[in-house]
Amino acid sequence: MTKIIWMSDPHFQTKGTIAGLDPRARLAAAIEHANAHHSDADFVILSGDLVGDDIEGDYTALAEYLGRSELPIHPMMGNNDNRDGFRLRLALPADTMPGFIQFARHTADGIVVCLDTHKVGSHAGQFCDARRDWLDELLRTYSGKDAYIFMHHPAFALGLPKQDEIMLEEGDAFLNLICGHPNVKHLFMGHVHRPTCGTMRGIPFATLGALSFQAPAPRPSWDWDSFKPAREAPQYGVLEISNGNATLQYTQFCDFAFGMDG
Ligand SMILES: [Fe+2]
């Protein structure tokens, strides 16, 4: 059995709060909770939007927080990340693709692939020819093993109107690629700060609430000017894979008001 703790969107910053919520306290609580309850997990995946605006300071302090985890943590790129800052402060697996922060972990139950969908200067995502070629080659090389793919940006619209505007730009090309590899068993995507699940072209997918703040449901409608985080608790995912079957438990590690100003 392979057990993976999936966390996303900590939006870590060394100072201050986001909409009154403290991202440091929430990241620390998530790590502490996983240490206490999931010491049997293989590793943690942190699927992007690691930091805020202070690239050097935030990554330096983030590395210290991640060091509190008793499980190995594999951070990934999100739209709010910076590859140079990331590489300077966070350890990368030896097989990381040159030029982009994407890599694979090999487990007893298949390969776990962590993609880099960052587009410089944009909140939307990008998955260029070079990254697609790398993934195509990896999936072909390990065609006899199940593949579980983690990525920050969803590759298709989820019915979340504001988030759908900043999804992956080359979504169709990505889906065409993975549909050519029947060993792809599941997609796991961050970015939207909400739990959703379903299938796309027959491939199951899931998204996850953020460690930091939660996006509202699509109704009643909202826009970025009226945006207020949903009064929902943060969460992480506990993914267990065994004999070709995967289950994901959405897990609350603190309540909505935890780390709130005042
Ligand atoms: Fe985010």
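Just so it is clear, the model here is predicted, and its values are computed rather than measured. In each ligand, atom 1 is the first atom listed, and ligand 1 is the first ligand listed.
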- Item | Arg68 charged N/C atom sitting above Tyr65 aromatic ring, 6.0 Å / 45° |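 Yes, a cation-pi geometry.
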
- Message: Is it the case that atom CG in Asp40 sees more than 12 heavy atoms from other parts of the structure closer than 6.0 Å?
- Response: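 Yes - once you tally the heavy atoms of other residues, nucleotides and ligands closer than 6.0 Å, there are more than 12.
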
- Per residue Asp9, nearest N, O or S atom to the Fe ion (ligand 1) is named OD2

- Task: Find, among atoms of Asp49 that are N, O or S, the one nearest to the Fe ion (ligand 1), and state its name.
- Result: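 In Asp49, the N, O or S atom with the shortest distance to the Fe ion (ligand 1) is OD2.
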
- Task: Confirm or rule out an N/O/S atom of His11, from backbone or side chain, lying less than 2.8 Å from the Fe ion (ligand 1).
- Result: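 Yes.
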
- Message: Could you go through Leu135 and Phe174, starting from their C-alpha distance and side-chain angles, then the distance that decides it, and tell me whether this counts as side-chain contact (heavy atoms from CB on, under 4.5 Å)?
- Response: CA-CA 10 Å; Leu135 178 61; Phe174 171 82; 3.8 Å; yes

- Parallel, tilted or perpendicular: rings of Phe150 and Phe188 (30°, 60°): parallel

